[in-house]
Amino acid sequence: MTTFDADGRTLERVREHVWELPQEDGMNVPARVLASEELLEHIKDDDTLDQIANVTHLPGVVTNALCMPDGHQGYGFPVGGVAAMDAENGCISPGGVGFDINCGVRMVKTTLTYEDVAGREEELVDALFDAVPTGLGGGGVVDSSHSAVEEILEDGMEWALREGYAVPDDLEHCEDEGRRPDADPSAVSQKAKDRGANQIGSLGSGNHFLEVQRVTDVFRDDVADSYGLEEDQLVVLIHCGSRGLGHQVCSDYLRRIEDEHPDFLDSLPDKNLAAAPAGSALADEYYGAMCAAINFAWVNRQLIMHQTREVFADVFDTSWEALGMELLYDVAHNIAKKETHTVDGAERELYVHRKGATRAFPAGREEVPPAYRDVGQPVIIPGSMGAGSYVLRGGADSLDVTFGSTAHGAGRLMSRTRAKQQFDADDVQTGLEEHDRIYVKAQSGETIAEEAPGVYKDVDEVIRVSDDLGIGDKVARTFPVCNIKG
DNA sequence: ATGTAC
């Protein structure tokens, strides 16, 4: 048997790119890491492997807890963690979703090409920076109003449609059509609502960004045709989440689990795995609050897309419709969801947790919108601001291997603290501009250092593993033109 | 990720 020695833990090779931590001690199932040996080298010395093993201690976890190819250590669960718990006898874990509930990515298409924007990058990046609020703290696209927050939490993208910020096609091209019907605004604390009220339509900070990109490669012509993507086309990527509102929801429920289920918490190897038993009142409340925060995040991305459309219409002196600025798809990176999966030949209702992982449903699955049902859902995976991104399609094997999931990014190589020691913001910014003609404009220099291309793994390697495994297949690759961030 | 603290 081939093994990989990782600082005290031994991974057993199941097949190419599939490594197993065998079941031992309190593990309910084995854990699996999906990675090449090159990617394993990046995580062998940190807490990633301990964390994914810890996840298997949670009650009702099914088949395997999984770490995606871009995985790295996180809070309780690793980032890049996928775990499915039985919806009746299992549990639901805020730590398995993450603080930034429905952090996610959408791609907006255009009919422009790189030629149309070459030489005008700075004009465009300045206009986008002016139109889209960035950075920590408050300030959104729409004025704060408590009734608006309530409606957004309840209705998600349907609110945006009613208010004239969306067209019906935008809803069709969101996971869950941009609305989680299980949302329960009454389960969201007033404090969370207050934090969200003046952040409706704001990018935030950290790894969140808005990037204009050009399509540089098409790998699967038939799928790219279905998605409306071709070489040299200009597209826009929007990456952000639920801001302070989602963060507050996560904090509130972690605290409540500590207060209300202390014995259960004590039985787990890591307190940060905090989970509420399925069927408990607290589990239902968290699920309702999380779904509401998910709705909020969709509206957040929608309003940023709305601003983007207006900016392009202004800069190119036409309408966004004439520029073909349709939403390709909006994917969530941090969510849990009740889904039906086949486990050992039987259909089961599961809470699938994807924390830093993307749903990657293949052709035929009913949740995939009709426009993409014959080819599989689009999966949008951002790399770093110097590397560009990928569009994949949900792979035929994803349901068997990962509960229909794949990676969500390149994955960090180092902490933000270390990144700031290692990189200088001005050097990074001028390097990108002079070497790659990538124009970056940020609210804070610290963010540029924290998000320097060198702090990320090789996104090409992450995608290679996803494609080889058949969980997410390469469709197209993009390269940055200009980027705004917090 | 985040008004970076219980």
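The interatomic distance linking A:Gln443 (CD) with B:dT2 (C1') rounds to 16 Å, in whole Å. Across the protein-nucleic acid pair, A:Tyr253 atom OH and B:dT2 atom P stand 21 Å apart, rounded to whole Å. Note: CG (A:Asp100) to C1' (B:dT4) measures 14 Å, nearest angstrom. Distance A:Tyr75 OH to B:dT2 C1': 13 Å, rounded to the nearest Å. In this structure, the CD atom of A:Glu446 is 14 Å from the C1' atom of B:dT2, given to the nearest Å. The interatomic distance linking A:Lys420 (NZ) with B:dT4 (P) rounds to 13 Å, in whole Å. Atom CG in A:Leu254 sits about 15 Å away from atom C1' in B:dA5, given to the nearest Å. One interatomic measurement links the two molecules: CG of A:Asn334 to C1' of B:dT2, which rounds to 13 Å at whole-angstrom precision.
Side chains of A:Asp460 and A:Tyr390: a donor-acceptor N/O pair is present below 3.5 angstrom, by distance only. A donor-acceptor contact closer than 3.5 angstrom links the side chains of A:Asp252 and A:Ser189.
Along DNA chain B, the nucleotide closest to A:His208 and the one closest to A:Leu136 are compared, and the more 5′ of them pairs with A:His208.
A cation-pi arrangement is present between A:Arg365 and A:Phe361, with the terminal nitrogen or guanidinium carbon under 6.0 Å from the aromatic centre and inside a 45° cone about the axis. For the pair A:Lys441 and A:Phe129, the cation-pi criterion (under 6.0 Å, within 45° of the ring axis) is fulfilled.
Within the nucleic acid shown, A:Gly137 comes within 4.0 Å of sugar-phosphate atoms alone, with no base atom in reach, counting heavy atoms only. Residue A:Ser251 is out of contact with every strand shown, counting any heavy-atom pair closer than 4.0 Å. Using a 4.0 Å heavy-atom criterion, one finds that A:Arg416 contacts the sugar-phosphate atoms exclusively. Within 4.0 Å of A:Gln199, counting heavy atoms only, lie sugar-phosphate atoms of the nucleic acid but no base atom. Using a 4.0 Å heavy-atom criterion, one finds that A:Lys355 contacts no nucleic acid atom at all.
Taking NE2 of A:His239 as the reference point, atom CG of A:Asn483 lies at 11.5 Å (rounded to 0.5 Å).
For B:dC6, neither phosphate oxygen OP1 nor OP2 lies less than 4.0 angstrom from any side-chain nitrogen or oxygen of A:Arg255.
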